[in-house]
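Notes follow the structure.
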Amino acid sequence: MSSPKRIGILTSGGDCPGLNAVIRAVVKCASRRGWQVLGIPYGTDGMMRVAEGDYNPEDLVIPEHGYDIPGMLQGIDVLQFLSGSILGSINKGDSRNPEVLAKILKGYEMLGLDALIAIGGDGSLDIIYEISLKGGWNLIGIPKTIDNDVPFTERSIGFDTAVQTVNSALYDLTFTAASHDRVMVVEVMGRDAGHLALHGGIAGGADVILIPELVPALNDTIIDQVCHKLAELRHRGRKFALVVVAEGVRGEDGHRMKAIAEYMAKEIASRSHILCASGDADYCDMDAVETRATVLGHIQRSGTPTASDRLLAAAFGRKATDLIADGRYGRLVVWEAGRVRSKDLGEAIAIVRDCHDRNVCPGPVETDSTMVKVARSLGTYVGDPATLPSLTSTMT
Ligand code: F6P
């Protein structure tokens, strides 16, 4: 049994479902070891506010049952069900400013912590890691993000729930699309990564899934091929279609596009018209196609965490406390090949920095990954002309 410890926990960067489930798991595991857990509000901002006297460190202690409200909720342990973060989160900060940094370091010292667990994504873990080196903190990172793009881990907290959200949105759109013979173009989050669009799209039965790793630029050729896929479906008697586009897919000029779903919806209608007018009769069925755009937006960051995310949260929370008990700091908790492990946080951050310098995603979809192959095998168009059957062979 290790000596009793006082540990801190914070959430940083964009929120996602499952953060509270991690906090709950850490508090439960730590309490069983006789440790104290301090919940730091709004990431490093909370430390500044401790330094400024706005928070008394002792008021930040999260008792094991502090989140049960006897009477009101009959003691129901709600944390595992709630999305968002009970601690609040920030995705901006000014820790490069020496005065701000000094306050953060002072606040941390005043908290009197033996170790800190930071639940963050690539950007926020990078910032906290940098500060931790300056302050000599004993840091453990837990990856969270619906983008699922943190290096070394196959799964991040929040991803599975977001996949479920995309999946159920596609399900809901199917019936209105089918009733009106419409093409629904659905924009999915993920920043520069296509994991969410790919997984949600496959689960939800999308006919087209465009992700940045496979479609570097949304040019006329890609739109023509999307139209080809949609024409093929029409020839086979299916008049509606679901098109998923990841927000990270760039325009022809290589820049991020605003309202990419809206753009695609218009382009599909106009390109199919051009293809038909240029004498390619195969596309004339598509000529008057109705398209509609849906942007799923921040709904993907919310929702009750799925069982899978709660399990991951429990396993990650436990691993983080184990690492602290063993005095193994500077580690990133990861999911790898069906197991929870830990990796060197510094190595993960080096990858993140290198990728950010090169303006590429630190944890992209591998282009030969199982799920890409699955999509292709199902006949989903993912930017690969080889998967498009000839239109004449599908004519009825
Ligand atoms: O990184 C998570 C994420 O939801 C991305 O998928 C998205 O691009 C971004 O954050 C949105 O950020 P914000 O909430 O600041 O608009």
Inset, instruction - Apply side chain to side chain contact (heavy atoms under 4.5 Å, CB included) to Ile131 and Trp137, showing your working. - result: CA-CA 8 Å; Ile131 303 174; Trp137 303 351; 3.5 Å; yes
Legend entry - Distance in Å, Asn20 CG paired with Ser85 OG, rounded so as to fall on 0.5 Å steps: 5.5 Å
Inset, instruction - Report yes or no: do Thr306 and Asp160 form a side-chain donor-acceptor pair below 3.5 Å? - result: yes
Legend entry - Audit row: Tyr283, His273, side-chain hydrogen bond (donor to acceptor under 3.5 Å, both in side chains) steps and yes/no: CA-CA 7 Å; Tyr283 293 93; His273 181 75; over 6 Å; no
Inset, instruction - Kindly say whether Lys239 contributes a backbone atom to a donor-acceptor pair with the side chain of Asp181 at under 3.5 angstrom? - result: no
Legend entry - CD1/Ile299: more than 12 non-hydrogen atoms of other groups inside 6.0 Å: no
Inset, instruction - Measure the spacing between CG of Leu242 and CG of Leu233 and express it to the nearest 0.5 Å. - result: 10.0 Å
Inset, instruction - May I ask you to test the Val188-Val245 pair for a side-chain heavy-atom distance under 4.5 Å? - result: no
Legend entry - Glu109/Lys106 ion pair, N-O < 4.0 Å: no
Legend entry - Intermediate values then yes/no, side chain to side chain contact (heavy atoms under 4.5 Å, CB included), Lys343 and Glu336: CA-CA 10 Å; Lys343 299 280 179 181; Glu336 185 185 61; 3.2 Å; yes
Inset, instruction - Measure from the ring center of His199 to the ring center of Phe159 and say whether it is less than 6.0 Å. - result: yes
Legend entry - Thr153 side-chain N/O to Trp335 backbone N/O, donor-acceptor pair under 3.5 Å: yes
Inset, instruction - Verify side-chain hydrogen bond (donor to acceptor under 3.5 Å, both in side chains) between Asp122 and His356, making sure each step is shown before the conclusion. - result: CA-CA 10 Å; Asp122 56 347; His356 287 178; 3.3 Å; yes
Inset, instruction - State whether Lys144 and Asp15 are salt-bridged, where the test is any N-O pair (Lys NZ or Arg NE/NH1/NH2 against Asp/Glu carboxylate O) under 4.0 Å. - result: no
Legend entry - For Leu345, the option from Val333, Ile128, Leu139, Asp126 that meets side chain to side chain contact (heavy atoms under 4.5 Å, CB included): Leu139
Inset, instruction - Could you check Lys258, Met257, Arg191 and say which one makes a side chain to side chain contact (heavy atoms under 4.5 Å, CB included) with Glu247? - result: Arg191
Inset, instruction - Quick one: pull up CD1 in Ile90 and CG in Leu10 and give me the separation to the nearest 0.5 Å. - result: 8.5 Å
Inset, instruction - For Thr145 and Ser156, test the side chains for any donor-to-acceptor distance below 3.5 angstrom and give the result as yes or no. - result: no
Inset, instruction - Considering only NZ, NE, NH1 and NH2 on the basic side and carboxylate oxygens on the acidic side, decide whether Glu130 and Arg96 come within less than 4.0 Å. - result: no
Inset, instruction - Give a yes or no on this: more than 12 heavy atoms of other residues, nucleotides or ligands lie within 6.0 Å of atom CZ of Phe81. - result: yes
Legend entry - SB check Asp77 Arg24 (cutoff 4.0 Å): yes
Legend entry - Derivation of the salt bridge (Lys or Arg N to Asp or Glu O under 4.0 Å) call for Arg376 and Asp384: CA-CA 8 Å; Arg376 286 196 177 115; Asp384 183 356; 2.7 Å; yes
Legend entry - Name of the residue among Ile222, Leu218, Asn219 meeting side chain to side chain contact (heavy atoms under 4.5 Å, CB included) with Glu252: Asn219
Legend entry - 4.5 Å side-chain heavy-atom contact, Ser168 and Gln164: yes
Inset, instruction - Inspect the surroundings of OH in Tyr263 and state if more than 12 heavy atoms from other residues, nucleotides or ligands are less than 6.0 Å away. - result: yes
Inset, instruction - Could you please spell out the steps behind the side chain to side chain contact (heavy atoms under 4.5 Å, CB included) verdict for Leu296 and Thr165? - result: CA-CA 9 Å; Leu296 296 185; Thr165 301; 5.7 Å; no
Inset, instruction - Decide, yes or no, whether a salt bridge links Glu52 with Lys103 under the criterion of side-chain N to carboxylate O below 4.0 Å. - result: yes
Inset, instruction - Mark yes or no for whether Glu154, through its side chain, and Ala337, through its backbone, hold a donor-acceptor pair below 3.5 Å. - result: yes
Inset, instruction - Answer yes when Asp45 and Arg49 have at least one side-chain N-carboxylate O distance shorter than 4.0 Å, and no when they do not. - result: no
Legend entry - Heavy-atom check, side chain of Met184 versus side chain of Val243, under 4.5 Å: no
Inset, instruction - Indicate yes or no for a side-chain donor-acceptor contact from Ser89 to the backbone of Gly13 under 3.5 Å, with no hydrogens or angles considered. - result: yes
Inset, instruction - Evaluate whether the separation between SG of Cys361 and SG of Cys355 stays below 2.5 angstrom. - result: no
Legend entry - Test item: side-chain donor near acceptor, Asp309 and Thr161, under 3.5 Å: yes
Legend entry - N/O donor-acceptor pair under 3.5 Å between Asp326 side chain and Arg328 backbone: no
Legend entry - Residue pair Thr291 / Arg182, side-chain heavy-atom distance below 4.5 Å: no
Legend entry - Donor-acceptor pair, side chain of Asp344 and main chain of Gly346, under 3.5 angstrom: yes
Legend entry - CD1 on Ile9 to CG on Leu113, rounded to 0.5 Å: 11.5 Å
Inset, instruction - Verify, without hydrogens or angle tests, whether Ser369 (side chain) and Val365 (backbone) share a donor-acceptor contact under 3.5 angstrom. - result: no
Inset, instruction - Check step by step if side chain to side chain contact (heavy atoms under 4.5 Å, CB included) holds for Thr294 and Val185. - result: CA-CA 6 Å; Thr294 304; Val185 184; over 6 Å; no
Legend entry - Side chain proximity check, Ile209 to Ile202, heavy atoms < 4.5 angstrom: yes
Inset, instruction - Give a yes or no on whether a salt bridge exists between Arg292 and Glu290, defined as a side-chain N under 4.0 angstrom from a carboxylate O. - result: yes
Legend entry - salt_bridge(Arg236, Glu232) N-O dist < 4.0 Å: yes
Inset, instruction - Enter the distance from His255:NE2 to Arg250:CZ here, rounded to the nearest 0.5 Å. - result: 8.0 Å
Legend entry - Partner of Val372 under side chain to side chain contact (heavy atoms under 4.5 Å, CB included), chosen from Leu198, Thr380, Thr367: Leu198
Check: residues 314-324 side-chain donor-acceptor pairs under 3.5 Å, at least two apart:
unit_1: Thr321; atom_1: OG1; unit_2: Gly317; atom_2: O; d: 3.3
unit_1: Thr321; atom_1: OG1; unit_2: Arg318; atom_2: O; d: 2.8
unit_1: Asp322; atom_1: OD1; unit_2: Arg33; atom_2: NH2; d: 2.7

Legend entry - Polar side-chain atom of Arg358 near backbone of Val360 as donor-acceptor pair, under 3.5 Å: no
Legend entry - Val50 vs Pro57 side-chain heavy atoms within contact, under 4.5 Å: yes
Legend entry - Ser272 (side chain) donor-acceptor with Ala269 (main chain) under 3.5 angstrom: yes
Inset, instruction - Tell me, yes or no, whether the heavy-atom count around Glu58 atom CD, taken from other residues, nucleotides or ligands under 6.0 Å, exceeds 12. - result: yes
Inset, instruction - With rounding to the nearest 0.5 Å, note down the distance linking CG in Leu311 to CD in Gln80. - result: 10.0 Å
Inset, instruction - Check whether any side-chain N or O of Ser124 sits under 3.5 Å from a backbone N or O of Gly120 as a donor-acceptor pair, and report yes or no. - result: no
Legend entry - Asp114 and Arg6 ion-paired at < 4.0 Å: no
